[in-house]
Every structure is written in structure tokens, then in C-alpha cells.
Asker: 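Following this message is one structure expressed as C-alpha cells.
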Amino acid sequence: MLEKLKEEVYKANMDLVKHGLVIFTWGNVSGIDREKGLVVIKPSGVDYDVMKPEDMVVIDLDGNIVEGHLKPSSDTPTHLAIYRAWPEVGGVVHTHSTFATGWSQAGLDIPNIGTTHADYFHEAIPCTADMTEEEVKGAYELETGNVIIKRFEGMNPMHTPGVLVKNHGPFAWGKDPHDAVHNAVVMEQVAKMASIAFAANPNLTMNPLLVEKHFNRKHGPNAYYGQN
């Protein structure tokens, strides 16, 4: 079942290792078949060195296992909340990559201060609010998804396809698992650049015209970056 999507999700998970975003078993990628309403996600706590495409777990949007011999990622409810909230999303990534997680632990948005950021993220990459005692002690992973969704009220999640969960780490998404991983890689690099920039000049500024120019030349109605 969904063998092509399983292979795609498996490769996307292995790309987290390739790009240095995860160590041990710290990250996960999922992808969704919107037509079937089914999600494929990495199994929980399985080492990347031994993981295979057939280990990927198929679940429905309520979290029920449809196919698979292993438990799905413990972050599954967060992924599912994102898929249910935003129909445009086709893949979701969670990592504990160093610099993005550092900003998460600091509880700070990553401001849009450079053209690299603006090429991929229109707004500051937002950090969520503190989770309440009820949210932490209750359905924690589901509530993590809910605080992400709440943070994006009034924002276009496809124009800023990433978030920092306060004291936890980054999530990213995209039109498919590969695109979601791409955005996660860029988010880590942007977080690293911002860390260096603010250390060098805490009073730095950004030209808002550059933000609009760089975002729209890749994503706007008259985008011209790349080949037709």
C-alpha cells in the first residue's frame, strides 16, 4: 500500500541525515496522499542505519494504523494536526537541528534579515507561545500541533513554511516530503546566519523592499527565478 509514497518518505527521512539535521533518532518526516486521506510516517525510535522503506507506517488522519508492523513516530499527532488544518501541505518535517532549536529554546522568532531568508520565508519564522500545563499534561503532541496552527492565525503557512515550537524545536512543511525537507534545511541555515549576524551586530536592520523582491521573484505571480 502506497509503496511509492513510502519510498519517498523513506528517502526524505534519510535526507535529514545527509544534510546533518538529525543525529540518532531525533527527526521524522511524513507525507500524505490527499486523495486516499492516508499519511506515511517514520516509525518511532528506529535508527536511520537500519531503517527501510517497508518500515514506514501508514495511518489515517485520525491516527489509526492502516498498515505497518511498527509504531508510528511519537510526533504523529502534530503532523496530523498540520495536515488537517492546511490542505496545501503535502509533507511535514520535525528535527532538533542545532541552530533552529537554539532559537526555539530562546523563545524567539527568526527575523527576516536577509535575502536567503526572504527567498523561502516571507515573514519571520515564528516561535510558538508557552504551552500551558493542561496542554503539556494532556494530549501533548496534538496540542503541539494546535499551538503551531494558532501561531499562524493571519499568516499564510505556505509563504512561511516553518515554525519554532518554544523550548522544543523546528517543524517545516512543503508541497511534498522532499519540499518539506528542503525547507527544513534552509530554515537551519537561516537560523545559523541569523545567529552570526546578531552576534556581529545586535542593531542590524533589513530593507523591506529586498524581502518583497526576493520572495516574489521566486513565489510571486510574476516569478522569474529558475527555468520555465
Asker: Please examine the side chains of V46 and L70, heavy atoms only from C-beta on, and report whether any two atoms are closer than 4.5 Å.
Answerer: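 Sidechains of V46 and L70: in contact.
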Asker: Are any of the side-chain heavy atoms of T116 and Q189 separated by less than 4.5 Å?
Answerer: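 When only atoms from C-beta onward are counted, Q189 and T116 do not touch, as no gap falls below 4.5 Å.
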Asker: Under a 3.5 Å threshold, yes or no: a donor from one side chain and an acceptor from the other, between H214 and D119?
Answerer: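 Yes.
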Asker: Locate the shortest heavy-atom distance separating T101 from G169; write the atom from each residue and the value.
Answerer: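 For T101 and G169, the tightest heavy-atom pair comes out as OG1-CA, 4.1 Å.
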Asker: For H219, is the NE2 atom crowded, meaning more than 12 foreign heavy atoms sit under 6.0 Å from it?
Answerer: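 Yes, NE2 of H219 has more than 12 neighbouring heavy atoms, counting only those of other groups under 6.0 Å.
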Asker: State, yes or no, whether a side-chain contact exists between L21 and E188 at a heavy-atom distance under 4.5 Å.
Answerer: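 They are in contact (side-chain heavy atoms under 4.5 Å apart), so the answer is yes.
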Asker: To the nearest 0.5 Å, tell me how far K18 NZ sits from N13 CG.
Answerer: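 K18 NZ to N13 CG: 14.0 Å, rounded to 0.5 Å.
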Asker: Taking the basic N atoms (NZ, or NE/NH1/NH2) and the acidic carboxylate oxygens, is any pair closer than 4.0 Å for K137 and E143?
Answerer: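 Result for this pair is no, no salt bridge flagged.
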Asker: Quick check: is M158 connected to M187 through a chain of hydrophobic side chains (ILVMFWY, heavy atoms under 4.5 Å apart)?
Answerer: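 In one cluster: no.
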Asker: Check this for me: W86, atom CH2, are more than 12 non-hydrogen atoms of other residues, nucleotides or ligands nearer than 6.0 Å?
Answerer: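 Atom CH2 in W86 is packed in, count exceeds 12.
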Asker: Begin with the C-alpha distance, continue with both residues' side-chain angles, and end with the deciding distance and a verdict on side-chain contact (heavy atoms from CB on, under 4.5 Å) for K6 and D55.
Answerer: CA-CA 8 Å; K6 284 181 186 175; D55 294 329; over 6 Å; no
Asker: side-chain contact (heavy atoms from CB on, under 4.5 Å) for L108 and C127? Distances and angles first, verdict last.
Answerer: CA-CA 6 Å; L108 297 172; C127 187; 5.8 Å; no
Asker: Please work out whether the ring planes of F121 and H117 are parallel, tilted or perpendicular, with thresholds of 30° and 60°.
Answerer: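 Ring orientation, 0 to 90° scale: perpendicular.
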Asker: Could you grab the distance from atom CD of E134 to atom CE of M131, nearest 0.5 Å is fine?
Answerer: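 That separation rounds to 10.5 Å.
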Asker: Is the closest side-chain heavy-atom distance between M51 and P43 below 4.5 Å?
Answerer: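 The answer is yes; the side chains approach within 4.5 Å.
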Asker: I'd like to know whether I65 forms a side-chain contact (heavy atoms from CB on, under 4.5 Å) with V58, so could you lay out the CA-CA distance, the side-chain angles of the two residues, the decisive distance to 0.1 Å, and finally the verdict.
Answerer: CA-CA 6 Å; I65 295 177; V58 181; over 6 Å; no
Asker: Pick out which of V93, T78, I41 makes a side-chain contact (heavy atoms from CB on, under 4.5 Å) with S30.
Answerer: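 Considering V93, T78, I41, a side-chain contact (heavy atoms from CB on, under 4.5 Å) with S30 is found only for I41.
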Asker: Would you check, one step at a time, whether the test side chain to side chain donor-acceptor pair (under 3.5 Å) holds for H69 with E54?
Answerer: CA-CA 9 Å; H69 60 282; E54 54 266 34; over 6 Å; no
Asker: Do L16 and V181 make a side-chain contact, defined as non-hydrogen atoms from C-beta onward lying under 4.5 Å apart?
Answerer: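 Yes, close enough: below the 4.5 Å cut-off.
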Asker: Is the shortest heavy-atom distance from the side chain of Y120 to the side chain of V190 under 4.5 Å?
Answerer: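 When only atoms from C-beta onward are counted, V190 and Y120 do not touch, as no gap falls below 4.5 Å.
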Asker: Please say yes or no: joined through hydrophobic side-chain contacts below 4.5 Å, possibly via intermediate residues, are V50 and I23 part of one cluster?
Answerer: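 V50 and I23: separate clusters.
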Asker: Where do N183 and P161 come nearest, in terms of heavy atoms and distance?
Answerer: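 That would be ND2-CG, 3.5 Å.
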Asker: Looking just at side-chain N and O atoms, do H94 and H168 make a donor-acceptor pair shorter than 3.5 Å?
Answerer: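 Yes - a donor-acceptor pair under 3.5 Å links their side chains.
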Asker: Answer yes or no: does atom NZ of K218 have more than 12 heavy-atom neighbours from other residues, nucleotides or ligands under 6.0 Å?
Answerer: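 Counting neighbours around NZ of K218, more than 12 heavy atoms of other residues, nucleotides or ligands fall under 6.0 Å, so yes.
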Asker: When rounded to the nearest 0.5 angstrom, what is the spacing between NE2 in H159 and CZ in F215?
Answerer: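 Reported to 0.5 Å precision, the distance equals 4.5 Å.
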Asker: Under 3.5 Å, is there a donor-acceptor pair between the side chain of D62 and the main chain of N64?
Answerer: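 A pair under 3.5 Å: no.
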Asker: Would L80 and I59 count as a side-chain contact (heavy atoms from CB on, under 4.5 Å) here? Give the steps.
Answerer: CA-CA 10 Å; L80 295 180; I59 55 177; 3.9 Å; yes
Asker: Would you call E7-K4 a salt bridge at under 4.0 Å N-O?
Answerer: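 No.
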Asker: Please say yes or no: joined through hydrophobic side-chain contacts below 4.5 Å, possibly via intermediate residues, are V22 and V185 part of one cluster?
Answerer: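 Yes, because V22 and V185 connect within a single hydrophobic cluster, where side-chain heavy atoms sit under 4.5 Å apart.
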Asker: Please determine if R151 and D109 form a salt bridge, counting it only when a charged side-chain N lies under 4.0 Å from a carboxylate O.
Answerer: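 Yes, this pair counts.
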Asker: If I compare all heavy atoms of W173 with all of G162, which pair ends up nearest, and what's the gap?
Answerer: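 Taking W173 first and G162 second, the nearest heavy atoms are CZ2-N, 3.5 Å.
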Asker: Distance check, rounded to the nearest 0.5 Å: F171 atom CZ versus N28 atom CG?
Answerer: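 It comes to 6.5 Å.
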Asker: With distance as the sole criterion, is a donor-acceptor pair present between the side chains of W26 and S97 under 3.5 Å?
Answerer: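 On atom types as modelled, these side chains do not qualify, holding no pair under 3.5 Å.
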Asker: Do H79 and E141 have side-chain N/O donor and acceptor atoms under 3.5 Å apart?
Answerer: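 No, E141 and H79 have no side-chain donor paired with an acceptor closer than 3.5 Å.
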Asker: If you define the side chain from C-beta out and look only at heavy atoms, does anything of I125 sit under 4.5 Å from N112?
Answerer: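 No, side chains not in contact.
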Asker: Which heavy atom in L164 sits nearest to a heavy atom in P170, and how many Å separate them?
Answerer: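 Reported closest heavy-atom pair: CD2-CB, 4.1 Å.
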Asker: Would you call L38 and I32 a side-chain contact if the rule is heavy atoms closer than 4.5 Å?
Answerer: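 Side chain of L38 against side chain of I32, heavy atoms only: no contact under 4.5 Å found.
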Asker: Could you tell me which non-hydrogen atom of L61 sits nearest to which non-hydrogen atom of Y83, and how far apart they are?
Answerer: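 Heavy atoms of L61 and Y83 come nearest at CD2-CB, 4.0 Å.
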Asker: State, to 0.1 Å, how close E135 and D130 come at their nearest heavy-atom pair, and which atoms those are.
Answerer: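 The pair with the smallest heavy-atom distance is OE1-O, 4.3 Å.
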Asker: Decide whether I148 and V136 are clustered together by the hydrophobic rule: side chain heavy atoms of Ile, Leu, Val, Met, Phe, Trp, Tyr closer than 4.5 Å, transitively.
Answerer: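 No, because I148 and V136 fall into different hydrophobic clusters, even though each may have its own neighbours under 4.5 Å.
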Asker: Roughly how far, to the nearest 0.5 Å, is the NZ atom of K192 from the CD1 atom of I196?
Answerer: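 NZ of K192 is found 6.0 Å from CD1 of I196.
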Asker: Go through the side-chain N and O atoms of E123 and T160 and say whether any donor and acceptor fall under 3.5 Å apart.
Answerer: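 Checked: E123/T160 side chains show no N/O donor-acceptor pair below 3.5 Å.
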Asker: When rounded to the nearest 0.5 angstrom, what is the spacing between CG in N207 and CD in E212?
Answerer: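 Nearest 0.5 Å value for the CG-CD distance: 10.5 Å.
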Asker: Y10, F24: one ILVMFWY side-chain cluster at the under-4.5 Å cut-off?
Answerer: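 No, separate clusters.
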